[in-house]
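Here is the structure we will look at, set down as structure tokens.
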Amino acid sequence: MLPIQFIRENPERVQEGAFNKGEKLDVQRILSLDRDIRTKLHEVEELKARRNKASQEISGLKKQKLDATDIIVEMKDISATIKNLDTEIADLRKPLNELMIWVPNIPHESVPLGKDENDNVEIRSWGTPPEFDFKPKGHLTLGKSLGLFNFEWGSKLSGTGFPLYTGNGAKLERALINFMLDYHINNNYEELYPPFVTLRHTLEATGQLPKLEEDMYHIDDGEMFLIPTAEVPVTNIYRDDILSEEELPQKYVAFSPCFRREAGSYGKETRGLIRVHQFNKVELVKFVLPESSYDELESLILDAESIVQALGLHYRVMELCTGELSFASTKCYDIEVWAPGENRWLEVSSCSNFEAFQARRANIRYRKENGGVNFIHTLNGSGVATARLMVALLETYQNNDGTVNIPDVLQPYMQMTLLRN
RNA sequence: GGAGGUGUGGCAGAGCGGUUGAAUGCACUGGUCUUGAAAACCAGCGUUCCGAUACCUCGGGACCGUAGGUUCGAAUCCUACCACCUCCGCCA
């Protein structure tokens with residue numbers, strides 16, 4: 001959410017920001033509703049002031065045992081008028097709020113202008129592509145021969161896109177999650193284990209709703225949703241709270257499965273682990289002071305990168321262009337790992353700054369040293385998502401005989417050094 | 001699932017339907033006192049919206065779990081919902 005005052009004062013900036021993100025927006029409609037509301041507000045507040053005065057007069061008269069019928073009769077009318085005006089204002093507020101939750105956040109000035117992924121900018125890369133003296137296999141082939149997952153079983157239970165891990169595959173998935181959690185906990189992130197189902201307004205606060213409703217699994221008559229990321233429950237822990245300045249920044253790490261319908265993306269990648277309806281992710285969330293949020297974004301992406309570095313995977317960091325930015329974010333970096341079997345980059349992390357956009361929707365504020373209150377800034381990043389991580393891992397560490405080496409950092413979790421039949 | 005209870009400011013805790021944004025205590029902030037600290041004393045201490053502004057503030061509205069209702073007037077009465085607590089039942 002952007003503040004209405006800001007939209008009033010910068011309508012063209014808001015309109016342009018939405019345009020650069022490829023979002024539809026009618027700022028003029030918002031401004032005209034806002035104008036109408038304020039006119040009526042002025043009117044009704046004057047009447048309410050009169051009513052409050054009259055209330056005291058009536059009270060005074062009654063105390064002196066005097067007759068107050070005249071004022072009471074007069075106030076009857078005024079109260080009716082107030083009631084009508086209040087209703088009219090509420091009737092204007094409804095469509096205004098409806099429009100306001102559709103106003104996207106504005107890209108940061110440093111974000112490259114662009115339309116799609118071709119306009120993203122590579123910031124840096126790490127490592128080199130692994131070299132093989134044989135033709136590297138894809139994760140599907142490796143996984144099948146090593147018995148790591150069984151998509152037939154998964155789709156038998158839940159339809160396509162729901163992977164079922166088996167044997168060492170299940171163990172490897174669990175190892176990755178535990179490794180990542182332990183790593184971030186040692187790096188001063190506090191672990192949370194959140195609910196995987198949330199209410200509608202919890203998703204509105206972080207900005208997934210209303211825009212992405214089609215991509216969400218919902219239950220309970222559409223008022224409960226399976227979370228698409230742990231960002232949602234974790235960011236909402238402080239909803240309607242006022243934190244003190246010295247409590248900030250706060251850093252949390254949380255594991256959750258992520259549920260995404262991926263509506264409209266059928267046709268490509270329906271096989272394998274690359275695009276699925278349920279995957280596991282370790283998520284990082286930060287609550288920070290506004291003045292430091294861009295520094296915090298830089299350290300967040302480094303924290304996420306350190307996972308793929310520890311696993312020894314070749315990756316690159318991309319800065320998203322305006323057209324690729326999500327609804328709620330102002331700036332975002334992706335981490336893409338190299339999958340030699342697929343011969344392509346796979347996105348395993350997105351690290352975003354939302355500035356006060358989510359904080360405003362969730363009403364998360366902090367009290368400044370000088371006593372004033374202000375909205376905090378929120379950030380989050382995957383640290384990182386497993387399904388694709390496992391793809392890159394298997395394909396990177398495969399041997400000619402179809403076995404897969406286990407990276408050092410995972411060996412304590414796996415209690416083995418090699419995946420074999 | 002059944003029965004009962006409670007929801008007021010950072011916390012604790014008052015509040016006959018009529019100067020109640022809300023007593024009191026604690027906490028917090030500033031000051032007096034003190035070499036310093038504590039104690040004591042004095043003062044201050046919510047959020048939000050609209051408008052004005054000589055940028056210091058000023059005027060007005062709203063907010064006592066949430067949403068409705070009754071009333072000239074609601075923290076106070078009524079209804080529904082939500083959350084928490086206690087007891088019973090069921091249960092991984």
Side-chain angles (χ1 to χ4, degrees), chain A residues 1-9 30-101 103 193-205 219-225 233 236-248 250 257 287 290 356-357 359-376:
Chain A
M1 191 108 69
L2 296 175
I4 185 72
Q5 296 96 325
F6 180 83
I7 299 177
R8 256 178 233 150
E9 287 159 20
I30 288 174
L31 292 179
S32 106
L33 279 168
D34 176 52
R35 228 175 288 123
D36 293 349
I37 286 170
R38 278 188 296 158
T39 306
K40 290 210 188 293
L41 214 52
H42 188 71
E43 214 176 313
V44 79
E45 286 187 353
E46 227 159 52
L47 291 176
K48 282 181 179 174
R50 260 179 79 187
R51 181 177 68 183
N52 288 344
K53 270 230 171 68
S55 247
Q56 285 179 31
E57 284 171 35
I58 292 169
S59 162
L61 288 171
K62 293 225 163 173
K63 273 201 182 117
Q64 300 173 54
K65 302 267 199 286
L66 295 172
D67 180 58
T69 334
D70 288 353
I71 311 185
I72 288 177
V73 169
E74 186 191 344
M75 281 307 113
K76 241 181 172 124
D77 279 353
I78 290 189
S79 277
T81 314
I82 288 173
K83 199 168 184 174
N84 287 337
L85 280 169
D86 273 341
T87 311
E88 286 174 36
I89 290 168
D91 287 347
L92 290 170
R93 281 225 158 99
K94 223 172 154 186
L96 178 64
N97 292 339
E98 192 59 36
L99 290 172
M100 286 292 283
I101 58 170
V103 179
Y193 192 97
F196 302 152
V197 179
T198 65
L199 297 165
R200 173 179 290 273
H201 67 272
T202 305
L203 282 142
E204 282 175 353
I219 56 179
D220 201 35
D221 293 334
E223 289 314 300
M224 300 284 284
F225 296 82
N236 273 277
I237 60 174
Y238 287 126
R239 198 168 64 222
D240 294 321
D241 282 348
I242 300 180
L243 306 174
S244 62
E245 183 162 351
E246 57 266 29
E247 289 179 272
L248 298 171
Q250 293 213 23
F287 303 89
F357 189 85
R360 246 179 250 114
R361 289 180 167 226
N363 195 27
I364 307 172
R365 296 172 292 173
Y366 73 101
R367 193 175 299 281
K368 293 188 268 193
E369 298 287 3
N370 65 23
V373 278
N374 196 9
F375 290 106
I376 59 155

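What you see below is based on every heavy atom in this structure, not just the backbone, and it leaves out hydrogens, waters and symmetry mates. In what follows, chains carry the letters A, B, and so on, assigned in the order in which the sequence lines appear, proteins first and then strands, with residues in each chain numbered from 1.
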Find out whether A:Leu31 and A:Ile7 are in side-chain contact, i.e. whether some heavy atom of one side chain is under 4.5 Å from a heavy atom of the other.
-> yes

Looking for any heavy atom pair under 4.0 Å, which part of the strands does A:Arg8 touch: base, sugar-phosphate only, or nothing?
-> sugar-phosphate

Using a 4.0 Å heavy-atom cut-off across all strands, classify A:Ile58 as base, sugar-phosphate, or nothing.
-> base

Can you figure out which of B:G61, B:C50, B:G18 approaches the side chain of A:Ala49 most closely?
-> B:G61

What does A:Lys83 touch in the nucleic acid at a heavy-atom separation under 4.0 angstrom: a base, only the sugar-phosphate, or nothing?
-> sugar-phosphate

Which nucleotide in the list B:C49, B:U47, B:G18 gets nearest to the side chain of A:Ser59?
-> B:G18

Quick one: which of B:C72, B:G46, B:C49 gets closest to the side chain of A:Lys76?
-> B:C72

Determine whether any donor atom in the side chain of A:Gln56 lies under 3.5 Å from an acceptor atom in the base of B:G18, or the reverse, and answer yes or no.
-> no

In whole Å, what separates the C1' atom of B:A37 from that of B:G18?
-> 49 Å

Please work out if A:Lys62 contacts a base, only the sugar-phosphate, or nothing of the nucleic acid, heavy-atom cut-off 4.0 Å.
-> base

Would you please confirm or rule out a distance under 4.0 Å between OP1 or OP2 of B:G51 and any side-chain N or O of A:Arg38?
-> yes

Is the phosphate of B:U48, meaning OP1 or OP2, less than 4.0 Å from a side-chain N or O of A:Arg365?
-> yes

Under 4.0 Å between a side-chain N/O of A:Lys48 and OP1 or OP2 of B:G61, yes or no?
-> no

So, is A:Asn52 close to the B:G60 phosphate, meaning a side-chain N or O under 4.0 Å from OP1 or OP2?
-> no

Side-chain atoms of A:Arg51 come closest, of B:U48, B:G69, B:G73, to B:G73

Pairwise P distance for B:G51 and B:U66, with rounding to whole Å = 26 Å

